[in-house]
Number of protein chains: 2
Amino acid sequence: MIDIYLTLFNKIILGEYPAGIRLKEESLATEFNISRTPVRSVLQQLEQDGLIQIFPNKGAIVLPFSADEIEEIYEIRKSLELLCLEISAPILSVQKLIELKKKIIENANNEDIQVHTDLDAHFHSYIINSTGKKRLIDMLNQLFRLIQSFRSLGFMDKETKESTINEHLEILDALCRRDIALAKELMRKHIDNSKIIALSQLLKARNT
Amino acid sequence: MIDIYLTLFNKIILGEYPAGIRLKEESLATEFNISRTPVRSVLQQLEQDGLIQIFPNKGAIVLPFSADEIEEIYEIRKSLELLCLEISAPILSVQKLIELKKKIIENANNEDIQVHTDLDAHFHSYIINSTGKKRLIDMLNQLFRLIQSFRSLGFMDKETKESTINEHLEILDALCRRDIALAKELMRKHIDNSKIIALSQLLKARNT
DNA sequence: TTGACTGTTTTTGTATACAATAATACAAAT
DNA sequence: ATTTGTATTATTGTATACAAAAACAGTCAA
């Protein structure tokens with residue numbers, strides 16, 4: 001049931017199911033060889049992700065997932081992640097920050113995209129999870145799922161990869177020195193840059 | 001079905017269902033004289049609200065909704081509502097801002113709590129909805145639902161009511177003059193004050 | 001007494017059948 | 001020709017039946 005969720009999720013994100021088309025329970029059920037019951041459950045989840053809208057007694061339609069969406073998601077992400085930084089920066093372990101820096105430097109020339117995707121996730125998750133704020137963590141993870149594919153795709157480009165690495169390292173340095181104001185400013189710029197990368201990846205994905 | 005959702009929602013918020021207790025589908029179904037199918041749907045919604053957690057094949061337990069939760073929700077709200085302000089402040093209609101001011105002043109001495117609850121909602125909604133950002137609006141509305149009861153209760157106290165009114169008016173003035181930096185600063189303080197009010201209302205509600 | 005095993009019961013997950021609602025097509029009237 | 005009303009169909013909403021998994025209780029062995 002998790003896989004029909006992910007299948008639909010990705011089809012919508014990647015534009016395979018365009019905005020406006022209707023998702024009928026029966027069709028989906030037969031398509032995935034399951035009954036309508038789990039289908040309804042999945043549709044409810046997708047609505048919570050903001051990918052579809054369910055009209056009572058009328059069914060579900062796919063909502064637009066366009067550049068505007070990416071733009072909005074990144075602005076929300078920026079606000080929430082800066083809040084995380086504010087909360088966790090004073091209590092982050094310098095030792096762990098240094099470890100993270102080492103890992104990033106060691107893998108700087110690694111060609112594997114997955115490695116960089118993981119390091120990126122690791123970097124942001126450490127800051128976010130250290131807040132210990134359940135809701136905040138959940139909200140950011142939900143946003144991350146929405147932009148995940150476009151984030152990874154960005155690491156295919158060498159320059160993009162290198163600038164991302166540098167930005168991560170600079171933020172870690174500021175955090176080690178407990179220069180929170182600088183860390184926030186750098187993080188703000190980093191997320192703005194990431195947004196531009198994601199947007200360009202979206203356009204690429206949609207034009208293929 | 002909407003009413004069983006609201007019933008459970010409020011019972012959890014108000015501490016009637018304490019953290020940790022298990023919600024069994026069958027019991028809820030018989031209690032509300034419906035079948036398990038809509039109960040499951042409601043439980044899924046409550047999980048999205050962050051009020052319960054569903055463990056696969058094991059069922060749902062109520063999560064804590066304590067002062068810490070209120071604290072966290074208000075911090076998130078502050079970040080997101082300030083983002084809204086940043087986006088919408090430059091484009092808010094001065095005419096509408098003045099209308100809003102008038103309404104607030106006219107009703108300043110009204111004794112009806114509902115009137116003040118509505119004005120409060122109106123004030124914040126205008127700023128939030130003017131962004132036109134669907135996701136942002138949805139997220140804030142979800143947060144508002146969680147703290148709604150404690151917000152209204154605050155208006156029972158005369159001093160609290162008056163300070164809230166004054167804060168709203170000051171923010172509206174700043175917005176009329178397009179002094180966005182000031183508006184943001186005032187909004188930040190306003191939400192911090194609201195947090196304290198909500199927290200005290202939570203404690204009151206829990207001790208009765 | 002403790003601990004592992006097994007059979008029973010409870011509870012959740014899914015499929016299916018039925019009910020209620022909305023969409024559609026077609027006919028009749030203006 | 002357009003609109004209104006009605007019958008039909010399609011689709012969602014809910015109840016129930018069945019399957020799978022987990023929790024529980026009791027028994028036996030160490």
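Where B:Pro38 and A:Glu26 each meet DNA chain D at their nearest nucleotide, the meeting point lying more 5' is that of A:Glu26. A residue-by-residue look at A:Pro56 and A:Ser35 shows that A:Ser35 has its nearest nucleotide of DNA chain C further toward the 5' end. Comparing A:Gly59 and A:Thr37, the nucleotide of DNA chain D nearest to each residue sits closer to the 5' end for A:Gly59.
When rounded to the nearest whole Å, the span between CZ of B:Arg22 and P of D:dA22 equals 12 Å. The distance between atom CZ of A:Phe55 and atom C1' of D:dT11, rounded to the nearest whole Å, is 15 Å. Atom CG of A:Asn57 and atom P of D:dT9 are 21 Å apart (whole Å). One can place NZ of A:Lys24 at 16 Å from P of D:dT9, the figure rounded to the nearest angstrom. Rounded to whole Å, the distance from CD1 on B:Ile61 to P on D:dA23 is 13 Å. The distance from atom CD1 of A:Ile52 to atom P of D:dT12 is 11 Å, rounded to the nearest whole Å.
From the 5' end on, the contacts that DNA chain C makes with chain B at under 4.0 Å to a non-hydrogen atom open and close at C:dT11 to C:dT14.
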Worked check of salt bridge (charged side-chain N to carboxylate O under 4.0 Å, His left out) between A:Lys189 and A:Glu167: CA-CA 9 Å; A:Lys189 286 180 186 159; A:Glu167 287 164 16; over 6 Å; no
Stepwise ring pair (Phe, Tyr, Trp, His ring centres under 6.0 Å) test for A:His168 and A:His122: CA-CA 11 Å; A:His168 285 176; A:His122 191 162; over 10 Å; no
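With hydrogens and angles ignored, the 3.5 Å screen pairs a side-chain donor or acceptor of B:Thr30 with a backbone N or O of B:Glu26.
The closest side-chain heavy-atom distance from A:Thr160 to A:Gln201 is not below 4.5 Å.
Nucleic acid contact class of B:Leu43 (heavy atoms, under 4.0 Å, all strands): none.
Between A:Asp138 and A:Gln142, the side chains place no donor N or O within less than 3.5 Å of an acceptor N or O (distance only, hydrogens not considered).
Expressed to the nearest 0.5 Å, how far OG1 of A:Thr117 lies from CG of A:Asp112 amounts to 8.0 Å.
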